[in-house]
Amino acid sequence: MGFFSDFKASLMKGDVLSLATAVVIGGAFGKIVGSAVDDVIMPIVGLLTGGIDFTQKFVTLDGNSYADLAAAKTAGAAVITYGNLVQAIINFIIIAFFIFVVLRAAEKAKKKEEVAPAAPAGPTQEELLTQIRDLLKK
């Protein structure tokens with residue numbers, strides 16, 4: 001086989017297509033969770049913490065004091081934006097939780113499929129031997 005036919009065959013394998021689908025869905029899922037964190041959860045956390053906006057939390061490395069992150073960046077100061085790290089950790093925890101919930105639901109659905117009703121039990125060996133005996137008597 002040629003290079004391109006081998007490449008096409010490897011792309012058409014079920015595992016590769018499943019992986020590609022998972023990557024696309026994961027990207028979309030990440031955007032949904034990111035929006036949920038930025039637009040819903042972080043404002044609530046900010047409210048609970050007294051109006052703190054974590055994305056504006058930073059430490060300057062030059063020792064100067066700036067009014068906000070934008071002013072520090074405009075001045076060209078080296079900053080550590082630890083608030084973004086806090087928000088990224090919250091994003092990770094929420095994504096991990098949602099993935100756990102989805103996988104748990106998938107496992108429960110799989111178990112329900114596996115617990116299909118058993119086929120009706122046929123006659124036991126003793127019943128078959130009894131039937132054979134009775135047929136031989138006739």
Side-chain angles (χ1 to χ4, degrees):
M1 294 181 112
F3 175 79
F4 289 108
S5 59
D6 287 344
F7 182 67
K8 181 181 175 184
S10 70
L11 284 180
M12 292 303 157
K13 288 182 181 175
D15 295 340
V16 174
L17 292 176
S18 296
L19 179 61
T21 303
V23 167
V24 170
I25 290 173
F29 189 69
K31 288 182 181 183
I32 291 169
V33 172
S35 175
V37 169
D38 294 340
D39 301 332
V40 177
I41 295 172
M42 288 311 290
I44 294 171
V45 170
L47 180 67
L48 294 174
T49 58
I52 296 174
D53 181 9
F54 284 103
T55 60
Q56 294 299 314
K57 293 296 181 184
F58 65 97
V59 173
T60 58
L61 299 178
D62 64 0
N64 294 330
S65 194
Y66 298 96
D68 59 6
L69 182 60
K73 287 188 176 184
T74 302
V79 294
I80 297 175
T81 54
Y82 66 89
N84 289 336
L85 176 63
V86 170
Q87 186 154 353
I89 291 170
I90 292 171
N91 281 355
F92 173 77
I93 291 170
I94 292 169
I95 290 171
F97 174 73
F98 281 123
I99 289 173
F100 169 75
V101 169
V102 168
L103 290 177
R104 189 171 179 194
E107 287 296 320
K108 284 186 178 184
K110 187 185 289 186
K111 286 181 183 177
K112 285 183 182 178
E113 289 176 5
E114 291 175 1
V115 184
T124 63
Q125 185 177 4
E126 293 172 351
E127 292 172 341
L128 287 174
L129 289 173
T130 305
Q131 289 176 3
I132 292 171
R133 183 197 65 202
D134 293 341
L135 287 172
L136 287 174
K137 282 184 181 178
K138 289 183 185 180

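In this chain, numbering begins with 1 at the start of the sequence shown.
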Distance, nearest 0.5 Å, that separates [atom1] of [X] from [atom2] of [Y]:
X: Leu47; Y: Ile44; atom1: CG; atom2: CD1; value: 8.0 Å
X: Lys110; Y: Leu103; atom1: NZ; atom2: CG; value: 9.5 Å
X: Ile89; Y: Ile94; atom1: CD1; atom2: CD1; value: 12.0 Å
X: Leu85; Y: Tyr82; atom1: CG; atom2: OH; value: 11.0 Å
X: Glu127; Y: Thr124; atom1: CD; atom2: OG1; value: 3.5 Å

For Ala67 and Ala71, which heavy atoms make the closest approach, and how far apart are they?
N-CB, 4.4 Å
Matching residue for Gln56 among Thr81, Asn84, Asp68 - test: side chain to side chain contact (heavy atoms under 4.5 Å, CB included):
Asp68
Can you confirm whether Glu126 is buried at CD, in the sense that more than 12 heavy atoms of other residues, nucleotides or ligands lie under 6.0 Å from that atom?
no
Residue Arg133 excluded, over 12 heavy atoms near CZ under 6.0 Å
yes
Side-chain heavy-atom pair Val79, Leu69 within 4.5 angstrom cut-off
yes
Heavy-atom side-chain proximity of Ile80 to Phe58 below 4.5 angstrom
no
Please determine, by modelled atom types, if Ser35 and Asp39 share a side-chain donor-acceptor pair under 3.5 angstrom.
yes
